[in-house]
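First comes the structure, then the notes that go with it.
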Amino acid sequence: PDPLWSRGLGDVYKRQVKKRRTKRAVPASRLAMEALERIHRSESNWEDVCGVLEQRYRALEDQAEKVAILLEIADTWADKAEMPDRGSSALSRVIDIDPVHDSAFERLDALHRESARWEELVDLYITRAESIEEDSERVSLLREGSRIYEEDLQNLDNAFDALTFAWSQDFADMDTARSLERVAGLTNQWSELLTVANEALKEAQEEGDEPRQIAICLNAARWFGQELGHAEYAGPYYDQILSLDPGNVAALLQRADLYRDTQQWDQMAESLNQLLSVTQEASVLANANVQLGELSERHFGDPERAIQY
């Protein structure tokens, strides 16, 4: 044998040949699949078309290319085969690659609802909520997830968890807070909710975030006072709010309501008078004056002063 061959050049030659064969094999395989796909399309064999597209998908490494093929699969099932739900698997894989893909999310949302796949639907919402950057959209997604848990899956515990997560994204969102307190009442999870509130309040205090402290305290005070009947625990929250913002109208209104419910008339009058000194809002002023007039007439025995209000 040639001495060059024996010194290892033969192995180099074999590797080169193998490499060239591999390079030729990839496009050949792709061309074969494309040809097969054209045949199936020409015969309107849409299930077979999707089968070829699935093979092409499995051969890809680029994520963007994978998403494009998966969307084509879903489109083929929906537009050509007229069986859109058969494309739900492809759309789910799009979400696996890109959890905030708008089109895939919207289409899966509709498909899952139409087929009453509530577990898959709520997973879709939670997955998007965990990945989306905008707080307001995250809250909206979590609230819808909570609604699905409550109404479609009859799972109040998970509904509570989703709403708790939503509230933690925006403590000033009163719609979320009201929904959360309703579900907390249904599940008797007040202790868990107030633990979350107090932990969040401690964090806000450490960070010096006054608006967040006020938002948390307003809810915690209302829950202790109005929902649980513990006015003595609500008071410190109102004190903290008013130490940060002496003219906080929401706190003064809530505290006046608490004093009315507990029949602490002097304290109620004090809160309402303080309210009159800090706001110029006509509706708030009118409401406070009406309540002060009723207090004067019914509880303080002073009808003449009641007329002044």
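- Looking at F105 and L141, their side chains come closer than 4.5 Å, going by heavy atoms from C-beta outward.
- Heavy atoms only, all atoms of each residue included: A251 and N248 are closest at N-OD1, 2.9 Å.
- Rounding to the nearest 0.5 Å gives a distance of 10.0 Å between OG1 of T187 and CZ of R182.
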- [ ] For the pair V139 and T176, evaluate side-chain contact (heavy atoms from CB on, under 4.5 Å) and give the outcome as yes or no after the intermediate values.
- [x] CA-CA 8 Å; V139 169; T176 300; 3.6 Å; yes
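- Side chains of D302 and E297 form no contact here, defined as non-hydrogen atoms less than 4.5 Å apart.
- At least one donor-acceptor pair closer than 3.5 Å links the side chain of N219 to the backbone N or O of A215.
- Using cut-offs of 30° and 60° for the angle between ring planes, the H299 and W265 rings count as parallel.
- A salt bridge links D152 with R147: at least one charged nitrogen is closer than 4.0 Å to a carboxylate oxygen.
- Looking only at distances, a side-chain donor or acceptor of S277 sits under 3.5 Å from a matching main-chain atom of Q274.
- Going from atom CD1 of I216 over to atom CG of D209 covers 8.0 Å, rounded to the nearest 0.5 Å.
- W118 and V183 fall into different hydrophobic clusters, where Ile, Leu, Val, Met, Phe, Trp and Tyr are joined by side-chain heavy atoms under 4.5 Å apart, directly or via other members.
- More than 12 heavy-atom neighbours from other residues, nucleotides or ligands sit within 6.0 angstrom of CD on E232.
- Residues W167 and T164 are not in side-chain contact: their nearest non-hydrogen atoms beyond the backbone lie 4.5 Å or more apart.
- Taking 4.5 Å as the limit, every side-chain heavy atom of F160 sits out of range of all side-chain heavy atoms of D157.
- Residues R178 and R222 form a side-chain contact, since some pair of their non-hydrogen atoms from C-beta on lies under 4.5 Å apart.
- Not counting sequence neighbours, E206 has no partner by the side-chain hydrogen bond (donor to acceptor under 3.5 Å, both in side chains) test.
- Remark: R138 engages D135 in a salt bridge, criterion side-chain N to carboxylate O under 4.0 Å.
- We find that R128 and D109 are not joined by a salt bridge, their nearest charged nitrogen and carboxylate oxygen being 4.0 Å or further apart.
- Cluster note: L258 groups with I214, L218, Y238, I241, L244 through ILVMFWY side-chain heavy atoms spaced under 4.5 Å, whether in direct contact or through intervening members.
- No side-chain heavy atom of F300 sits under 4.5 Å from any side-chain heavy atom of R305.
- Between R93 and E54, at least one side-chain N (NZ, or NE/NH1/NH2) sits under 4.0 Å from a carboxylate O, which counts as a salt bridge.
- When the side chains of ILVMFWY residues are joined at heavy-atom separations under 4.5 Å, either directly or via intervening members, L180 and F165 end up in two distinct hydrophobic clusters.
- S92 has its side chain within reach of L108: a pair of non-hydrogen atoms, C-beta onward, lies under 4.5 Å apart.
- S168 OG to D173 CG: the interatomic distance, rounded to the nearest 0.5 Å, is 11.5 Å.
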Task: Step-by-step side-chain contact (heavy atoms from CB on, under 4.5 Å) determination, E150 to N155 - done: CA-CA 5 Å; E150 180 178 357; N155 188 330; over 6 Å; no
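- Residue F171 is not grouped with residue L242 when hydrophobic side chains (ILVMFWY) are merged at heavy-atom distances under 4.5 angstrom, including chains of intermediate members.
- The CG atom of L124 sits 9.0 Å away from atom CZ of R113, with the distance rounded to the nearest 0.5 Å.
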Would you list the atom pairs, donor with acceptor, under 3.5 Å between side chains in residues 197-204 and any protein atom, with sequence neighbours excluded?
| residue | atom | partner | partner atom | Å |
| --- | --- | --- | --- | --- |
| N198 | OD1 | Y237 | OH | 2.7 |
| N198 | ND2 | L194 | O | 3.1 |

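- Heavy atoms from other residues, nucleotides or ligands lying under 6.0 Å from CD of E133 number 12 at most.
- Heavy atoms of other residues, nucleotides or ligands lying less than 6.0 angstrom from CD of Q169 number more than 12.
- S131 OG to D98 CG: the interatomic distance, rounded to the nearest 0.5 Å, is 8.5 Å.
- At a threshold of 4.5 Å between side-chain heavy atoms, the hydrophobic network of Ile, Leu, Val, Met, Phe, Trp and Tyr places M83 and V94 in one connected group.
- Between the side chain of S271 and the backbone N or O of M268, no donor-acceptor pair lies under 3.5 Å.
- Not a single side-chain hydrogen bond (donor to acceptor under 3.5 Å, both in side chains) links R298 to another residue, sequence neighbours left out.
- Under the 4.5 Å side-chain contact rule for hydrophobic residues, L71 and V52 do not share a cluster.
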Using atom types as modelled, flag every donor-acceptor pair under 3.5 Å from a side chain in residues 283-295 to any protein atom, sequence neighbours excluded.
| residue | atom | partner | partner atom | Å |
| --- | --- | --- | --- | --- |
| S283 | OG | E281 | OE2 | 3.4 |
| N289 | ND2 | L285 | O | 3.0 |

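- Of the possible donor and acceptor atoms, none in the side chain of E82 sits under 3.5 Å from a partner among the backbone N and O of D79.
- Comment: R260 engages D257 in a salt bridge, judged by a side-chain N to carboxylate O separation of less than 4.0 angstrom.
- Taking the six-membered ring where the residue is Trp, H230 and Y233 present tilted rings, their angle falling between 30° and 60°.
- Side chains of L111 and R117 form a contact here, defined as non-hydrogen atoms less than 4.5 Å apart.
- The closest donor-acceptor contact from the side chain of S140 to the backbone of E137 lies at 3.5 Å or more, if one exists at all.
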Taking distance alone, no hydrogens or angles, what donor-acceptor pairs closer than 3.5 Å link side-chain atoms of residues 57-70 to residues at least two apart or in another chain?
| residue | atom | partner | partner atom | Å |
| --- | --- | --- | --- | --- |
| D62 | OD2 | A64 | N | 3.1 |
| D62 | OD2 | E65 | N | 2.9 |

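- With rounding to the nearest 0.5 angstrom, the CG atom of L156 is 8.5 Å from the OG atom of S146.
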